[in-house]
Amino acid sequence: MPKRIMTIYGTRPEAIKVAPVIRAIEEHPELESVTVVTGQHREMLDQVNEIFGIVPDHDLDVFAHGQTLNGLMAKVFDRLDPVLVDVAPDAVVVQGDTSTVAAASIAAFYRRIPVVHIEAGLRSGDISSPFPEEANRKITSQIAALHLAPTATSRDNLLRESLPGETIAVTGNTVIDALLHTVEQDIPYADERLLETERAGRPVILVTTHRRENWGGAMEGVGRALRRLAERYPEHLIVLPVHRNPIVREAVLPQVQGLDNVLVTEPLAYGEFTRLMKAATIVLTDSGGVQEEAPSLGKPVLVMRENTERPEAVHAGTVKLIGTGEERIVTEVSRLVDDATAYAEMSNAVNPYGDGRAAARSVAAIASLFGIGERLPDFREA
Ligand code: UDP
């Protein structure tokens, strides 16, 4: 009997990062894959599932506009439990740091099902930033039977918290597997305006913002900074694929209205987004995943946060933490546009997060939980 591995995911970044692992579970002769989506970012999820050819088996449909974190947690417990009982998986796999990850881990633990945590061990060191993700990660680490740490730094964070070394495998981040797989497919833009930008070869500043701790005043400041940059550099095009959350839209969009070199798009399908990252000259973001992907494409990344649980690319010099202050954003972006030396210093391609084999290492570690095969050697940064 193959071991039944249930992967639970719901947001776009989770889908991107679990997809290579689900594929590898499906291809493993002694494992059976069952997928459960929470239905949080449904449209954004569908297009990722499509790129990787994944069809979800169960949908918990927990999303509702304006619901509280506690409301969401309660729904996940309520709707996941009968699925856990029905499917009776041998292990549950979760990825990252959302509240659904924390809830799903607790739910599986209460049913005495071992939890495997992908992207384990990231820590900012500040329980309220990112909020609530830092706490979600720590909760999940306390419960997981197997920690798939992307880097040696994340493994060391877990060891410092007294988690047993033999329960940790260093795999690299599966986002790099997903990125390489997707970039290889050379998926064209569906958006006419992006096609035109590509033809014109215009320099692009790619911007994404969505983090909860930046909602409100900080995000309005980001919008004002974008306006000033657009006015200062009319030959540049600022592309802003804007998150679906109305709180994000209301904060940023009024600030950039009426500027013809700010291109606001809906969230882009992953294939288009990776194409745009590859084409961009500068990436300005508060995203976790983008912080990991853009360095491996050799793009300077300015991160609009005060701290990060992903210090590896900061140490490598391609990522810089700049906070969310309007003035600082304008200064830092301007420096990269105006100063070729500063730009060159930040635009080395580095891969501190993975080599594209994270899914293979992850699945080998999962199988070895059941005495099937051996783990692969840990990922080491080149
Ligand atoms: N992404 C995408 N389309 C977009 C913006 C981002 O496909 O319009 C991808 C991006 O490449 C990365 C992931 O979504 O893999 C990051 O998601 P997000 O920033 O929403 O979440 P975080 O990584 O901060 O949790």
Side-chain angles (χ1 to χ4, degrees), residues 1-64 72-119 136 140 143-146 148 174-175 177-178 181-182 269-271 358-360 362-367 369-370 372:
M1 276 283 278
K3 295 292 173 189
R4 189 171 288 167
I5 312 298
M6 176 188 280
T7 309
I8 304 172
Y9 61 106
T11 63
R12 171 181 63 197
E14 283 166 7
I16 291 166
K17 290 174 171 181
V18 297
V21 179
I22 294 172
R23 286 285 301 270
I25 294 171
E26 285 170 352
E27 284 161 14
H28 195 293
E30 292 176 75
L31 301 179
E32 177 192 338
S33 169
V34 179
T35 49
V36 178
V37 294
T38 55
Q40 269 150 298
H41 293 171
R42 194 180 307 280
E43 286 160 64
M44 301 203 278
L45 213 69
D46 288 349
Q47 40 90 4
V48 179
N49 283 332
E50 200 179 293
I51 294 179
F52 288 87
I54 295 165
V55 183
D57 299 306
H58 302 269
D59 188 338
L60 304 180
D61 194 20
V62 295
F63 185 75
L72 172 68
M73 294 289 274
K75 262 195 206 164
V76 174
F77 284 122
D78 200 39
R79 299 190 184 171
L80 178 58
D81 194 51
V83 182
L84 289 174
V85 172
D86 257 18
V87 176
D90 295 289
V92 157
V93 177
V94 291
Q95 191 287 331
D97 55 21
T98 59
S99 300
T100 55
V101 166
S105 302
I106 296 172
F109 179 75
Y110 285 166
R111 289 283 173 193
R112 295 192 173 275
I113 301 163
V115 173
V116 177
H117 187 201
I118 303 176
E119 200 182 69
N136 291 336
T140 308
I143 288 165
L146 175 64
L148 302 174
T174 55
V175 80
D177 301 34
H181 174 82
T182 309
Y270 189 53
S362 301
V363 172
I366 294 169
L369 274 182
F370 304 103
I372 304 169

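We count residues from 1, following the sequence as given.
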Exercise for review: Check step by step if side chain to side chain contact (heavy atoms under 4.5 Å, CB included) holds for N136 and V101.
Suggested key: CA-CA 7 Å; N136 291 336; V101 166; 5.9 Å; no

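- For the atom pair CD1 (I5) and CG (L31), the distance works out to 5.0 Å, reported to the nearest 0.5 Å.
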Check your understanding: Between I372 and H28, does a side chain to side chain contact (heavy atoms under 4.5 Å, CB included) hold up when you go through it step by step?
Key -> CA-CA 11 Å; I372 304 169; H28 195 293; 3.9 Å; yes

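- Closest approach of D90 to P2, counting heavy atoms only: OD2-O, 4.4 Å.
- Between K75 and D61 there is no salt bridge, since no side-chain nitrogen of the basic residue lies less than 4.0 Å from a carboxylate oxygen of the acidic one.
- In this structure, NE2 in H117 is found 10.5 Å from CD1 in I143, a value given to the nearest 0.5 Å.
- The number of heavy-atom neighbours closer than 6.0 Å to CZ of F370, taken from other residues, nucleotides and ligands shown, is above 12.
- At a threshold of 4.5 Å between non-hydrogen side-chain atoms, the residues T174 and S362 count as touching.
- No side-chain heavy atom of V76 sits less than 4.5 Å from a side-chain heavy atom of I8.
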Check your understanding: Does the side chain to side chain contact (heavy atoms under 4.5 Å, CB included) test come out yes or no for I118 and K17, once each step is laid out?
Key -> CA-CA 9 Å; I118 303 176; K17 290 174 171 181; 5.7 Å; no

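- Between M6 and L84, some side-chain heavy-atom pair lies under the 4.5 Å cut-off.
- Nearest heavy-atom pair across L72 and S99 is CD2-CB, 4.4 Å.
- Distance CE/M44 to CD1/I16: 9.0 Å, rounded to 0.5 Å.
- By the 4.5 Å heavy-atom criterion applied to side chains, Y9 and V37 are counted as neighbours.
- Taking 4.5 Å as the limit, some side-chain heavy atom of V363 sits within range of a side-chain heavy atom of V21.
- Counting heavy atoms from C-beta on, the side chains of P114 and L146 never come closer than 4.5 Å.
- To the nearest 0.5 Å, the span separating CG on D81 from OH on Y110 amounts to 11.5 Å.
- Of all the heavy atoms in H181 and I51, the pair that sits closest is NE2-O, 3.9 Å.
- In this structure, CD on Q95 lies 6.0 Å from CD on E14, to the nearest 0.5 angstrom.
- In this structure, OG1 on T35 lies 7.5 Å from CD1 on I54, to the nearest 0.5 angstrom.
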Exercise for review: Could you please spell out the steps behind the side chain to side chain contact (heavy atoms under 4.5 Å, CB included) verdict for I366 and K3?
Suggested key: CA-CA 10 Å; I366 294 169; K3 295 292 173 189; over 6 Å; no

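- No more than 12 heavy atoms of other residues, nucleotides or ligands sit less than 6.0 Å from atom CD of E50.
- The main-chain N or O of F52 is found under 3.5 Å from a side-chain atom of R23 such that the two form a donor-acceptor pair.
- The minimum heavy-atom distance linking P20 with A359 is given by the pair O-CB, 3.5 Å.
- Closest non-hydrogen pair, G10 versus L45, comes out as O-CD1, 3.3 Å.
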